[in-house]
Structures are given as structure tokens and as C-alpha cells.
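This report concerns only the one structure given below.
Positions are given from 1 along the sequence.
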Amino acid sequence: MIIHENDRTIDMHPQPLFDNPFCIEDILVFDDATLQRIIVQEGFGITLEQLAHSLHNAPRVVSKRVKNCVPLSRRLVFQHELAHPLSEEQVVQARKHVLDSLFWELIYWKTPALYEELIEGEALHPGIFLQLSAALRNKTVLDVGAGSGRATFECLRHGATLVHAVEPSPGLLRILKQKKTQHATMQRVIPHEGRFDAVPLPDDSVDVALSCSAFTALPEQGGEGGLMELERVTKRGGKIIIIWPRVEDHGWLEEHGFRYVALPVRREMSIHFRSLQTAVECARLFYARNKAVLRYVRKRKKSDVPFSIIGVNPPCDYYWRVVEK
């Protein structure tokens, strides 16, 4: 949110805002490494039993692919649950849970253009990068969880010499690479396929490591392992910066030595969708459970939607910390 590593509601167990368009066959879009991570990491909220139950009556190619990604030590359990008799309702519920848990991962991998339509209107508070420009100027920067490059290109505009953009989703990385061809200065961006817990850079290779609306305290979205990686690749005296953090992660970040900066907001911040049609489409998909969003768009007939209507805190804050080794 991960809404898209970006669900800023304080409720720790909210009902998802989105309307899930995916089917169980769509998990084939993931590569083996991602499927293995989904199976092994508890942070996705999917047990092996739930995954097996969701695959009842699925095409054999799907269940076989998933089975091959299950660790050998747990494969017998998986096969037992796959063969266990279930009612149609139990299968439907298991499948809904799995697909809802993987909604944002599926968006990133299968329909990255939809994600781009959503986030391109989420303009960050202009003061964030103005305040960070001194730390970025003439520096080598890592943007991890870069997505399609929202923070990556802001780093360039504020003086970074080189930006390593690390993103696990091939679809989002493809959009970022397309943007890179649009201007000569963007050649100072180096895209990498990688994750928070596996940054493909050597030790002490960047002056600043940052993440925008991506890093969280959850293991699959950063956590302890991800923070250790950011510290590893950042030079002593460099900075780690977490832009637009989730509200529920504030305590975790402060416990790990981060300092909080919230910028003043003079006018209510909004998402500026590219068109009224895009606003309607995003309201129907990403905010389907919040009926106020679609009502607002239809009543005002405008493509701007305040963050307060969506129920999300605006992108006007960040955390930072100096790396000491």
C-alpha cells in the first residue's frame, strides 16, 4: 500500500478498501522467488493451509507451480491440505483471503499501469524534497521500493548525482525504465530488480538510502531485515529517510532511532487524478468499500479527491536517521 503499502488508516485490522478483480490463476504472474517468499513469509497473512485450500478445483498448472515452490519440509502438509475435502463455501472463503492478501502484489506485477494511474496523482508535499535537497545534492542515492520512480526522479531534480532505483515488480520497473528514456538527466538513474531484504548493491555504496510510501515495519515490506540492508549499503554518516510512513509504524521507527518531520499543510491535500474517468475507475477499484469516494467524484465532477475523503493521511511527513557504524 500497501492500501498499496500506503494504507494510512490507524485501525490495525481494517476491511480492505479495494474491490478485488483477480482470480486464483493470476498468481502465476509471480516468479518462483516471489511465490516462495509468499509461502514462507508470515507477513503476507497466508498460511500454507489457506493457500492449499484456495487451490481446490484450480487448474492443475497453478497447483503444480505452487507445490514446486513449497519447501520440501512442508510439501506433504501442502499436498494433504490440497486433497482434503472442502465445501464450495470453504474454497471461496480461502480463495478470497489469499487474493485479498496478495491484492497489491498482484496489482504491481499484473496491472502496473493501473497502479501508475493511482499514484501519479498522489503528489508529495513540495516541502519534503525541498528540505531534503541539501542531503541529496551531489550524492549517490538509493531509492528502494522505487515503484515507477516517483521519488527516484525527485531525487534527480533536487541534485542527486546518481540514483539506484530498486524495485521487485518487473511491471513497475518497466514503467520506470520507460520514464528514464524521456530526458537526458534521467540517465543518472540505474534500475535494479531487488527487495528490501536483498538490495543488489555493495556495502557502503550510497550516501543516502530512502524509501517513499513503501517501507514499513512488516518483514515483507522492510522490517528489521530491510533496515539492516539499508544500513549496510549506506556510508557512515549518511542518512536513511522514510517518506510518507504509515501511521502505525511511527512507534517502530522512533524505537529505531528515527526523527520525525511533519510539514505544515495550509490547504487540504488531494489526489489529482489524470482525468474524471480515471478518478471514477480508481474509486471503483481501489476505494470500492469507501462509497464516499465515488459519491464525491460523481457529485463534484472533478478529478481531485481530498485525502480526508479517502480516509488516508496526506503525504506531508517523513522520518530520518544518520547511519553510525
Side-chain angles (χ1 to χ4, degrees), residues 1-6 34 104-133 135-196 198-201 205-216 221-222 226 229-230 233-234 239-245 271-274 278 282 286 314-316 318:
M1 346 175 141
I2 309 171
I3 125 180
H4 64 285
E5 289 88 317
N6 224 355
T34 301
W104 288 107
E105 291 296 319
L106 286 165
I107 287 286
Y108 305 148
W109 281 72
K110 191 171 180 65
T111 59
L114 280 176
Y115 178 70
E116 177 71 4
E117 287 188 12
L118 173 67
I119 65 97
E120 69 180 359
E122 293 178 346
L124 302 174
H125 191 299
I128 292 178
F129 276 93
L130 285 175
Q131 287 198 2
L132 297 176
S133 59
L136 298 171
R137 192 174 299 115
N138 301 321
K139 297 296 194 298
T140 298
V141 178
L142 163 66
D143 179 13
V144 64
S148 56
R150 168 168 46 189
T152 299
F153 300 119
E154 284 295 327
C155 290
L156 283 186
R157 283 188 278 272
H158 287 82
T161 302
L162 186 70
V163 183
H164 294 279
V166 174
E167 168 59 39
S169 162
L172 293 178
L173 207 55
R174 185 166 57 251
I175 293 174
L176 187 149
K177 289 176 180 177
Q178 290 169 352
K179 292 180 180 180
K180 180 184 168 182
T181 66
Q182 295 171 5
H183 199 279
T185 60
M186 294 182 181
Q187 299 312 306
R188 303 202 307 271
V189 172
I190 302 177
H192 304 268
E193 189 169 333
R195 307 189 309 273
F196 287 112
V199 176
L201 295 177
S205 56
V206 302
D207 302 294
V208 177
L210 62 80
S211 183
C212 178
S213 185
F215 187 98
T216 78
Q221 296 165 4
E229 275 289 86
L230 298 186
V233 301
T234 306
K239 289 184 177 179
I240 298 174
I241 301 166
I242 308 299
I243 299 172
W244 199 11
I271 296 181
H272 307 284
F273 293 106
R274 66 174 69 161
T278 298
C282 287
F286 297 111
C316 60
Y318 65 93

Testing the basics here: between Leu176 and Phe153, what is the closest heavy-atom pair and its distance to 0.1 Å? O-CZ, 3.9 Å
Of all pairs that satisfy salt bridge (charged side-chain N to carboxylate O under 4.0 Å, His left out), the ones with a partner from residues 108-121, not counting sequence neighbours: Asp26-Lys110, Glu116-Lys179, Glu117-Arg274, Glu120-Arg274
Taking the side chain as every heavy atom from C-beta outward, state whether Cys155 and Leu210 have any atom pair closer than 4.5 Å. yes
Nearest 0.5 Å, what's the CG-CD distance between Leu136 and Gln131? 12.0 Å
For Ile107 and Tyr115, the nearest pair of non-hydrogen atoms, with its separation, is CG2-CB, 3.6 Å
With sequence neighbours excluded, tell me which residues meet side-chain hydrogen bond (donor to acceptor under 3.5 Å, both in side chains) with Thr111. none
Under a 4.5 Å cut-off applied to non-hydrogen side-chain atoms, are Arg157 and Glu154 in contact? yes
Ile119 versus Ser148: any side-chain heavy-atom pair under 4.5 Å? yes
Closest heavy-atom pair and its distance - Thr152, Ala146: OG1-CB, 3.7 Å
Just by distance, do the side chain of Asp143 and the backbone of Ala165 share a donor-acceptor pair under 3.5 Å? no
Any side-chain to backbone donor/acceptor pair from His192 onto Gly194? Under 3.5 Å, distance only. no
Mind running side chain to side chain contact (heavy atoms under 4.5 Å, CB included) on Leu162 and Val141 for me, showing each step along the way? CA-CA 6 Å; Leu162 186 70; Val141 178; over 6 Å; no
Contact summary for Gly145 and Ala214, nearest pair of heavy atoms: O-CB, 3.7 Å
Answer yes or no: is there a side-chain heavy-atom contact under 4.5 Å between Phe129 and Leu124? yes
Just wondering, do Lys139 and Thr161 contact through their side chains at under 4.5 Å, heavy atoms? no
Answer whether the closest heavy-atom distance between the side chains of Leu142 and Val208 falls below 4.5 Å. no
Tell me if a side-chain donor or acceptor on Thr234 pairs with a main-chain N or O of Leu230 at a distance below 3.5 Å. yes
Short side-chain to backbone donor-acceptor contact, Glu229 and Val199, under 3.5 Å: yes
Between Gln178 and Thr181 the two heavy atoms that sit nearest each other are O-OG1, 2.7 Å
Shortest non-hydrogen contact between Lys180 and Pro191, atoms and distance: NZ-CD, 3.8 Å
Close side-chain approach of His125 to Trp244, heavy-atom, < 4.5 Å: no
Could you go through the side chain to side chain contact (heavy atoms under 4.5 Å, CB included) check for Thr140 and His164 one step at a time? CA-CA 8 Å; Thr140 298; His164 294 279; 3.9 Å; yes
So, Arg195 side chain and Glu167 main chain: donor-acceptor pair closer than 3.5 Å or not? no
Between OG1 on residue Thr216 and CZ on residue Phe196, distance to nearest 0.5 Å: 7.5 Å
Before giving the answer on side chain to side chain contact (heavy atoms under 4.5 Å, CB included), spell out for Leu130 and Ile128 the whole-Å C-alpha distance, their side-chain angles and the decisive distance to 0.1 Å. CA-CA 5 Å; Leu130 285 175; Ile128 292 178; over 6 Å; no
Is there side-chain contact between Arg188 and Leu156, with at least one heavy-atom pair below 4.5 Å? yes
One pair to check against side chain to side chain contact (heavy atoms under 4.5 Å, CB included): Leu118 and Phe273. What are the steps and the verdict? CA-CA 7 Å; Leu118 173 67; Phe273 293 106; 4.1 Å; yes
